[in-house]
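These figures come from a predicted structure and were not determined experimentally. Lettering of chains follows the sequences in order, A, B, ..., and the numbering in each one begins at 1.
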2 protein chains.
Amino acid sequence: MSKKHQILEAAIRSFVERGLQGSSMALVAKEAEVATGSVYNYFEGKEHLINECFLYVKQNEVEFLLEHYDPEASFEARFKGVYTSTIRFMLDHCSYFRFLHLYAFSPVITQETRDKLYPVFETFINLYKDAYEAGVIGSPDAPEQHLSIYGGISYLMHYYYVNQVEITDEKIESMVNFAWAALSNSKQVTEG
Amino acid sequence: MSKKHQILEAAIRSFVERGLQGSSMALVAKEAEVATGSVYNYFEGKEHLINECFLYVKQNEVEFLLEHYDPEASFEARFKGVYTSTIRFMLDHCSYFRFLHLYAFSPVITQETRDKLYPVFETFINLYKDAYEAGVIGSPDAPEQHLSIYGGISYLMHYYYVNQVEITDEKIESMVNFAWAALSNSKQVTEG
DNA sequence: AATAATAAAATGAACGTTCATTCATTTTAG
DNA sequence: CTAAAATGAATGAACGTTCATTTTATTATT
């Protein structure tokens, strides 16, 4: 693992466990088994490091999602696939998930950082748009649909994490079905 | 408004706008139009202040929810009522909502603080339990149901806030219907 | 291959600033 | 006149950042 990776991984772990306040640069460096000054060879400063952690995690996430994405599958299969992948990613990379859950909305994440991520997630945003045009889901506003489901999953996963609930494949399936039901039912609800 | 309230309100605003790191005690005091030392007359330190902000917001929330809660109403009406109140509370107290959304999962909020809140929300936790026993909703795990809906609403509200989307009564109704549909449909989904 | 020369990366002590906290003093309330 | 509350300058520790020095890697030369 490269030194930059070491630092990112250590930083994410520390930010999650001790918070941004509680994680001094010296401490992050120590956890990464690197000299304090070395962090500054790779990152301009603490704020920059935090933003880079965010990008790093998000890029890992989208990479994972794309790996398991089949553009030829049915809408239902694709949606369920994306939700399943999202949950699996959260499980496999617990500290990544917790980092996102804690800091995705923080004012320390700059607009510049956020803007970098939009194109990366375009595939999935388009999935919602296409599904709407095909009449599979009810709302035309893709981000809204996505966020309310992603938010639900996030909160739930956090709850499972805190309470150390083991998440079986059946549990994942149940969550995904719940999400899909909410999404596909929204057609009737918003119209009725 | 008492001096303690002034400080809490100013702290919440500052924590939301500048983050925990960016909000020095001197700055919070200045925003509260109070001397730096005065903060320490009411709060033991910064961490304590943050925890008190959390309790303050949560207690305000539950007060608001109870004010609009009718224990005699039907399950559907009660659920929809709670969701509607939650959304209205978020809208009326934007910085409270953002504070919760940012720091509710932070490691700076102690377990002690969290434990204080469970009894406060018991009414609403029982609502889920009762509804399950009455066969109205499918899952016996009340916190899970609640969290996935609350999470969805939170993420959505944050999105609306960031994008300055005006939230009409129709929009609230649509969100509440979406939530209720997800909840009441979960019966079929988890069984099917 | 071996050695020297140069560049790049890594180091951690030192610096200067910031900031949480304290406390002697002043102001206000009873 | 007394007690409580408020004040903000002073303090000292913590922390982000820098940089002179050392170590490692790369290239050039014999």
Side-chain angles (χ1 to χ4, degrees), chain A residues 1-57 95 99 102-103 106-113, chain B residues 1-57 95 98-99 102-104 106-113:
Chain A
M1 193 164 28
S2 83
K3 208 145 271 203
K4 194 174 177 179
H5 273 69
Q6 270 178 59
I7 296 167
L8 285 167
E9 290 287 344
I12 290 165
R13 257 183 289 124
S14 185
F15 290 149
V16 161
E17 272 157 40
R18 283 180 272 268
L20 303 177
Q21 305 218 80
S23 303
S24 70
M25 292 297 263
L27 198 82
V28 168
K30 199 181 169 189
E31 295 250 316
E33 289 174 313
V34 146
T36 311
S38 295
V39 180
Y40 289 86
N41 290 337
Y42 298 97
F43 306 98
E44 286 159 32
K46 194 177 182 179
E47 296 226 331
H48 184 241
L49 172 61
I50 298 167
N51 277 269
E52 287 293 310
C53 285
F54 186 70
L55 284 176
Y56 174 75
V57 169
S95 55
F99 181 86
L102 277 170
Y103 307 118
S106 167
V108 297
I109 308 291
T110 65
Q111 192 56 46
E112 203 193 333
T113 299
Chain B
M1 191 161 32
S2 82
K3 206 145 274 201
K4 193 173 178 181
H5 273 67
Q6 271 178 59
I7 296 167
L8 284 167
E9 291 286 343
I12 291 165
R13 257 183 288 124
S14 185
F15 290 150
V16 162
E17 272 157 39
R18 282 180 273 267
L20 302 177
Q21 305 220 77
S23 302
S24 70
M25 292 297 262
L27 199 82
V28 168
K30 199 182 169 189
E31 295 250 317
E33 289 173 314
V34 146
T36 311
S38 295
V39 180
Y40 289 86
N41 291 337
Y42 297 98
F43 306 97
E44 286 159 33
K46 193 177 182 179
E47 295 224 334
H48 184 240
L49 172 61
I50 297 168
N51 276 268
E52 287 293 310
C53 284
F54 187 69
L55 284 175
Y56 173 75
V57 168
S95 55
R98 291 175 68 204
F99 181 87
L102 277 170
Y103 306 118
S106 167
V108 297
I109 307 292
T110 65
Q111 192 56 45
E112 202 192 334
T113 300

Does atom [atom1] of [X] have more than 12 heavy-atom neighbours from other groups under 6.0 Å away?
X: B/Glu44; atom1: CD; value: no
X: A/Gln111; atom1: CD; value: yes
X: A/Glu47; atom1: CD; value: no

(request) Would you jot down, in residue-number order, the residues of residues 9-16 of chain B having a non-hydrogen atom under 4.0 Å from DNA chain C? (result) none
(request) Specify the residues of residues 32-41 of chain B, ordered by number, for which at least one heavy atom lies under 4.0 angstrom from an atom of DNA chain C. (result) B/Thr36, B/Gly37, B/Tyr40
Check [X] against [Y] and note the closest heavy-atom contact, atom names and distance.
X: A/Ser95; Y: A/Ile12; answer: O-CG2, 3.7 Å
X: B/Asn51; Y: B/Thr113; answer: OD1-OG1, 2.5 Å
X: B/Ala11; Y: B/Cys53; answer: CB-SG, 3.7 Å
X: B/Leu27; Y: B/Gly22; answer: CD2-O, 3.9 Å

(request) Mind grabbing the angle between the end helix axes of the helix from C/dA1-D/dT30 to C/dG30-D/dC1? Five pairs an end, 10° rounding. (result)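 Roughly 10°, once rounded to the nearest ten degrees.
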Taking only distance into account, with no hydrogens and no angle test, what donor-acceptor pairs under 3.5 Å do side-chain atoms of residues 31-39 of chain A form with protein atoms, sequence neighbours excluded?
{"from": "A/Glu31", "atom 1": "OE1", "to": "A/Arg18", "atom 2": "NH2", "distance (Å)": "3.3"}
{"from": "A/Glu31", "atom 1": "OE2", "to": "A/Arg18", "atom 2": "NH2", "distance (Å)": "3.0"}

(request) For A/Phe43, answer base if it contacts any base atom (sugar-phosphate contacts may also be present), sugar-phosphate if it contacts only those atoms, and nothing otherwise; contact means non-hydrogen atoms under 4.0 Å. (result) nothing
(message) Does anything in residues 9-57 of chain B form a ring-ring contact (aromatic ring centres under 6.0 Å, His included)? List the pairs, not counting sequence neighbours.
(response) B/His5-B/Tyr56, B/Tyr56-B/Tyr96
(message) Pair B/Met25, B/Leu49 - check side-chain contact (heavy atoms from CB on, under 4.5 Å), show working.
(response) CA-CA 10 Å; B/Met25 292 297 262; B/Leu49 172 61; 4.1 Å; yes
(request) Would you sort out whether B/Leu20 and B/Tyr103 count as a side-chain contact (heavy atoms from CB on, under 4.5 Å), showing the intermediate values? (result) CA-CA 9 Å; B/Leu20 302 177; B/Tyr103 306 118; 3.6 Å; yes
(request) Tell me, with the steps shown, if B/Glu52 and B/Ile7 meet side-chain contact (heavy atoms from CB on, under 4.5 Å). (result) CA-CA 11 Å; B/Glu52 287 293 310; B/Ile7 296 167; over 6 Å; no
(request) Identify the 5'-most and 3'-most nucleotides of DNA chain C with at least one atom closer than 4.0 Å to a non-hydrogen atom of chain B. (result) C/dC19 to C/dT22
